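Throughout, a chain's letter reflects where its sequence line sits, starting with A, and its residues are numbered from 1. Remember, it's a predicted structure, so these values are computed and weren't measured experimentally.
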Number of protein chains: 2
Amino acid sequence: MDAPRPERLTDAALADALRRGGLRLTRPRRAVHAALRDLGGHRSADEVHAALAAAGTRVSRMTVYNALADLLRAGVVQRADAGPGRALFEAGAAWHHHLLCRTCGGIEDVPCVRGRRPCLSLPAAFGRAEEAQVIFRGVCRRCLEGERRKRR
Amino acid sequence: MDAPRPERLTDAALADALRRGGLRLTRPRRAVHAALRDLGGHRSADEVHAALAAAGTRVSRMTVYNALADLLRAGVVQRADAGPGRALFEAGAAWHHHLLCRTCGGIEDVPCVRGRRPCLSLPAAFGRAEEAQVIFRGVCRRCLEGERRKRR
DNA sequence: TTGTTGATTGGACAATGTCCAATATACCGC
DNA sequence: GCGGTATATTGGACATTGTCCAATCAACAA
């Protein structure tokens with residue numbers, strides 16, 4: 001149940017991923033990617049911005065938003081669907097889903113049985129699905145064990 | 001592919017659903033439910049608020065937010081997961097999923113093969129899933145046909 | 001090294017959702 | 001039907017999130 005460690009991209013690999021989309025490897029983009037990877041888990045743009053500021057890296061808020069969108073297009077960052085509200089990002093490229101715990105409010109990664117998109121098919125009558133993100137809502141393992149312990 | 005028409009709840013049925021959760025049937029709650037049902041599709045709280053205002057029904061914005069949350073708990077309204085941003089609601093209780101079209105930006109309902117929650121199971125090692133919402137991203141039928149027509 | 005093109009900056013702005021105390025109303029028992 | 005009481009509504013202030021813009025800066029190809 002440990003969070004999968006996001007792979008550590010070399011600068012060259014990051015530059016490659018960006019350039020495939022006609023994007024440059026800039027200092028802010030490198031910093032945003034590293035911050036997201038080092039923070040781990042599911043983070044909002046402003047969390048990344050705050051982490052960079054705390055580390056003494058001055059980057060404008062707009063740039064963080066832009067960089068995350070660019071890294072997303074480049075495929076080295078993913079958006080974690082977790083319902084409405086602010087957008088959450090995470091480093092890494094492995095396709096997976098999420099469990100939202102209604103007890104602790106946490107988000108757990110759930111590996112995708114297929115591991116690549118789209119993992120579920122859509123009846124052709126509706127159109128073409130390029131990806132299928134599943135949001136499980138319920139109670140995470142940790143909280144479930146907490147409940148059980150209390151009940152005794 | 002027509003949108004399923006949301007069932008028309010009688011006041012008694014609506015009151016029943018609310019009271020099961022210790023909630024009262026109030027004029028604003030009735031108005032919000034009717035507005036959402038009559039608008040059809042996937043609507044934000046402020047869209048419902050605007051529709052009510054346009055129809056001459058004065059209800060405070062806060063009340064619309066509260067009413068939608070209450071109707072959601074009562075099970076007569078659902079939240080349509082459509083990624084980050086504002087929350088979208090729709091009338092009705094039948095469990096289903098959504099296809100987000102990246103061409104036109106629209107949201108299509110996709111019936112759930114099981115029709116009730118949870119339609120997908122979660123490996124027990126992760127916890128208990130009470131519901132599983134699938135977000136398909138791709139191209140809707142209408143846009144797919146548009147593409148095909150242009151290519152000729 | 002230099003020029004060109006794309007990226008960053010920072011401030012202003014819009015949209016969405018939440019908090020609060022005062023007031024109004026649904027609904028229970030009579 | 002008539003209160004009494006717990007619940008709901010109100011409206012304004014506020015926080016958070018994300019976007020827009022023109023001026024400046026920097027990546028990278030030649």
S.K.: Contact class for Arg19(A) (heavy atom, under 4.0 Å): base, sugar-phosphate, or nothing?
M.R.: sugar-phosphate
S.K.: Closest approach of Ala93(B) and Gly75(B), non-hydrogen atoms and distance?
M.R.: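 Taking Ala93(B) first and Gly75(B) second, the nearest heavy atoms are CB-O, 3.6 Å.
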S.K.: Taking the minimum atom-to-atom distance to the side chain of Ala45(B), which one of dG17(C), dC20(D), dT7(D) wins?
M.R.: dG17(C)
S.K.: Which heavy atom of Val77(A) sits nearest to which heavy atom of Ala91(A), and what is that distance?
M.R.: CG2-CA, 4.4 Å
S.K.: Choose from dA8(D), dT9(C), dG11(D) the nucleotide whose nearest atom is closest to any side-chain atom of Ser60(A).
M.R.: dT9(C)
S.K.: Hey, which sits more toward the 5' end of DNA chain C by its nearest nucleotide, Arg61(A) or Asp70(A)?
M.R.: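 Counting from the 5' end, the first nearest nucleotide belongs to Asp70(A).
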S.K.: Atom CG of Leu71(A) to atom P of dA7(C): distance rounded to whole Å?
M.R.: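 Value for this atom pair: 12 Å.
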S.K.: Of the options dA26(C), dC28(D), dT8(C), whose atoms approach the side-chain atoms of Thr63(A) most closely?
M.R.: dT8(C)
S.K.: Arg58(A) side chain: which of dG18(D), dG10(C), dT8(C) is closest?
M.R.: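 The nucleotide sitting nearest to the side chain is dG10(C).
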S.K.: Please classify the nucleic acid contact of Arg86(A) as base, sugar-phosphate, or nothing, using heavy-atom distances under 4.0 Å.
M.R.: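 The answer is sugar-phosphate, as Arg86(A) gets under 4.0 Å only of primed atoms, P, OP1 or OP2.
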S.K.: Over how many whole Å does the gap from Asp46(A) atom CG to dT17(D) atom P extend?
M.R.: 6 Å
S.K.: May I have the distance from Leu25(A) (atom CG) to dT8(C) (atom C1'), rounded to whole angstrom?
M.R.: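 Atom-to-atom, Leu25(A) to dT8(C), this comes out as 15 Å.
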S.K.: For Leu14(B) and dA26(C), what is the distance between atoms CG and P respectively, to the nearest whole Å?
M.R.: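 After rounding, the gap between these two atoms is 14 Å.
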S.K.: Starting at CE of Met62(B) and ending at C1' of dC14(D), how long is that distance when rounded to a whole Å?
M.R.: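 Rounded to whole Å, this separation is 13 Å.
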S.K.: Tell me which of Ala67(B) and Thr26(A) sits closer to the 5' end of DNA chain D, going by the nucleotide each one is nearest to.
M.R.: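 Of the two residues, Ala67(B) wins.
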S.K.: Among dA26(D), dG18(D), dG17(C), find the nucleotide with the atom closest to the side chain of Tyr65(B).
M.R.: dG17(C)
S.K.: How close or far is atom P of dT16(D) from atom CG of Leu88(A), stated in whole angstroms?
M.R.: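 These atoms are roughly 16 Å apart.
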S.K.: Starting at atom CZ of Arg24(A), determine the distance to atom P of dT5(C), rounded to an integer number of angstrom.
M.R.: 10 Å
S.K.: Is there any ring pair (Phe, Tyr, Trp, His ring centres under 6.0 Å) pair reaching into residues 35-54 of chain B, and which pairs are they, with sequence neighbours excluded?
M.R.: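 Ring pair (Phe, Tyr, Trp, His ring centres under 6.0 Å) check on residues 35-54 of chain B returns His42(B)-His98(B).
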S.K.: Can you tell me how far C1' of dT9(D) sits from CG of Leu68(B), to the nearest Å?
M.R.: 15 Å
S.K.: Would you tabulate the side-chain donor-acceptor contacts of residues 9-16 of chain A under 3.5 Å, counting partners in other chains and residues two or more places apart, or write 'none'?
M.R.:
{"residue": "Thr10(A)", "atom": "OG1", "partner": "Ala13(A)", "partner atom": "N", "Å": "3.0"}
{"residue": "Asp11(A)", "atom": "OD2", "partner": "Arg30(A)", "partner atom": "NH1", "Å": "3.0"}

S.K.: If you look at every strand shown and take non-hydrogen atoms under 4.0 Å, does Arg29(B) touch a base, only sugar-phosphate, or nothing?
M.R.: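 Answer is sugar-phosphate: Arg29(B) comes under 4.0 Å of backbone atoms only.
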S.K.: Check the hydrophobic clustering (I, L, V, M, F, W, Y; side-chain heavy atoms under 4.5 Å; chains of links allowed) and say if Phe89(B) and Leu18(B) are grouped together.
M.R.: yes
